[in-house]
Amino acid sequence: MFVILSRYMFMLLFLTGMMHTISGQVFIQLEHYDNPVSTRFFIGDYFMYQTASTGKKWFNEKIESIQFENEMVYFTSGMVKLDEITKVKVYKRWARGFGDLLIRFGGGWFAYAGVTHFLNEDWDFGWDTVAIGGTAIFLGFLMKKVVATSTYNVKKNNRLRIMDIQWPEPGVD
């Protein structure tokens with residue numbers, strides 16, 4: 001009985017001590033026009049963006065720190081003010097993965113067809129085999145290049161802002 005109570009007391013003290021360190025998060029939120037669902041980027045995520053001063057050059061960098069007061073985002077190569085970011089590119093992992101799957105299917109289809117062609121003299125490597133494998137590879141490539149990315153213009157219809165949901169420090173009354 002005493003062992004069980006001591007475990008619960010230890011757990012309670014441990015969680016109470018951790019409440020100060022797990023007080024909240026700071027993240028970047030991309031709010032889409034006419035859509036209640038927003039995209040969030042946390043510290044440690046990779047963020048692909050474009051600024052007005054660099055022109056059409058895209059930067060894909062890891063977010064190291066986010067400063068709420070000055071609206072600054074710190075990357076591995078430097079820092080950027082949030083107002084300077086003009087475009088954000090978001091990757092859809094499901095589309096990229098499905099595109100890879102289709103490309104592998106098409107390659108496997110050609111590999112099995114080639115092995116079957118050399119092992120079985122009655123079977124012919126025809127246009128139907130080329131159409132199935134080639135279509136799978138083409139659709140996979142198209143999914144990876146066109147469907148897997150979405151580019152958002154921050155200044156027009158979308159808004160990029162820093163959200164701070166940390167608990168306030170307890171003050172002395």
Contact between [X] and [Y] at the side-chain level, heavy atoms closer than 4.5 Å - yes or no?
X      : Y      : value
Val80  : Phe47  : no
Ile103 : Lys144 : yes
Phe110 : Ile137 : yes
Phe27  : Ile165 : yes
Ile63  : Phe75  : yes

Between Ala113 and Thr129, the two heavy atoms sitting closest are CB-CG2, 3.4 Å

message: Using every non-hydrogen atom in the two residues, find where Ser38 and Glu31 come nearest and quote the distance to one decimal.
response: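 That closest heavy-atom pairing would be CB-CA, 4.1 Å.
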
Shared hydrophobic cluster for Ile43 and Tyr49 (ILVMFWY, side-chain gaps under 4.5 Å) | yes

Item to check | Heavy atoms of other groups near Lys145 NZ, more than 12 under 6.0 Å | outcome: no

Heavy atoms of other groups near Met79 CE, more than 12 under 6.0 Å |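 Count not over threshold, so no.
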
Spacing of [X] atom [atom1] and [Y] atom [atom2] [to the nearest 0.5 Å]:
X      : Y      : atom1 : atom2 : result
Met163 : Phe68  : CE    : CZ    : 8.0 Å
Lys92  : Thr149 : NZ    : OG1   : 7.5 Å
Ile28  : Leu160 : CD1   : CG    : 6.0 Å

With distance as the sole test, does [X] use its side chain to make a donor-acceptor pair with the main-chain N or O of [Y] at under 3.5 Å?
X      : Y     : value
Lys87  : Lys56 : no
Lys89  : Phe59 : no
Asp164 : Val26 : no
Thr86  : Gln50 : yes

Sorted by chain and residue number, the ring-ring contact (aromatic ring centres under 6.0 Å, His included) partners of His117 (sequence neighbours excluded) come out as none

Exercise for the section: Would you mind listing every ring-ring contact (aromatic ring centres under 6.0 Å, His included) that reaches into residues 122-166, with sequence neighbours excluded? Expected result: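 Every pair satisfying ring-ring contact (aromatic ring centres under 6.0 Å, His included) with a residue in residues 122-166: His32-Tyr152.
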
